[in-house]
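All values below come from the heavy atoms of this structure, side chains included, with hydrogens, waters and symmetry mates left out.
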Amino acid sequence: MATLTFNPFQQLKTARLLLRRIDENDVNEVLALRGNPETMKYIPRPLAKNKQDALEHIALINEKIDTNIGINWGITIKGNPKIIGIIGHYKIQPENFRSEIGYMVLSEHSAKGYTTESVHAVVEYGFKQMNLHSIEAVIDSQNVASERVLQKNGFVKEAHLLENEFWDGKFWDTVIYSILKRNFKS
């Protein structure tokens, strides 16, 4: 079983980005992400309706970090402290040395390579720091942009589940992508 500790919290750096811990000062950006129907289009979760909802989400993220059951980062462009997205290991299975990553980026920052860069950093952290054997991402079958991000990072399609999730009055397909540690290229 993988033994996890996220304290002290480790920031991640890429060529253009700093992935840092999210705090209450990020409430407006978290609300912009989680409250935007376009950003949440492929994420079957309730929209954040106000700052209180965003603060509760931030508290949940930090509670998971403090209890070593999940880790998320705010994605920032170096030199600008405002987060443009959130990324992390959401569902960790220590007994299987596996986790699920998830991510979202504000629409005005999509198609610039930031998500691909962030996924690479978080996957590298998972394999090198968390000692994971495999990492998965579960995406909506219609989310072509997310599929491309995963493929650029070496993920392969494991499954396409038909109408396996019911949300907001309809059934959703989900697609599972994964990568094994031995196939990851630093």
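A donor-acceptor pair is defined here as one N or O able to donate and one able to accept, closer than 3.5 Å; such a pair exists between the side chain of Asp173 and the backbone of Glu163. Judged by distance alone, the side chain of Asp140 and the main-chain N or O of Ile43 form no donor-acceptor pair under 3.5 Å. Between the side chain of Asn80 and the backbone N or O of Thr76 there is no donor-acceptor pair closer than 3.5 Å. Between the side chain of Asp26 and the backbone N or O of Ile22, no donor-acceptor pair lies under 3.5 Å. Distance alone, capped at 3.5 Å, is enough to place a donor-acceptor pair between the Trp172 side chain and the Trp167 backbone. A donor-acceptor distance shorter than 3.5 angstrom exists from the side chain of His89 to the backbone of Val122, with no hydrogens or angles considered. Side-chain atoms of Lys181 never come within 3.5 Å of backbone atoms of Asn131 as a donor-acceptor pair (strictly under, hydrogens ignored). Of the possible polar contacts, none joining the Arg45 side chain to the Arg34 backbone as a donor-acceptor pair under 3.5 Å is found.
A search for salt bridge (charged side-chain N to carboxylate O under 4.0 Å, His left out) contacts involving Lys128 returns Glu124, not counting sequence neighbours. Contacts of Leu106 classified as side-chain contact (heavy atoms from CB on, under 4.5 Å), with partners at least two apart in sequence or in another chain: Ala32, Leu33, Glu108, His109. With sequence neighbours excluded, the residues forming a salt bridge (charged side-chain N to carboxylate O under 4.0 Å, His left out) with Arg16 are Glu117, listed by chain and number.
Inspection of the Glu158 and Ser178 side chains reveals an N or O donor paired with an N or O acceptor under 3.5 Å. Under 3.5 Å, the side chains of Tyr103 and Ser146 contain a donor-acceptor pair of N or O atoms. Side-chain contact of Gln142 with Tyr42: a donor-acceptor pair under 3.5 Å is absent, judged by distance alone.
Within a 6.0 Å sphere centred on NZ of Lys78, other residues, nucleotides and ligands contribute more than 12 heavy atoms. No more than 12 heavy atoms of other residues, nucleotides or ligands shown are found within 6.0 angstrom of CD on Glu24.
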Worked verdict on Lys41 versus Asn36 for side chain to side chain donor-acceptor pair (under 3.5 Å): CA-CA 8 Å; Lys41 179 163 83 173; Asn36 182 328; over 6 Å; no
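No single ILVMFWY cluster, assembled from side-chain heavy atoms under 4.5 Å apart, contains both Ile69 and Phe97.
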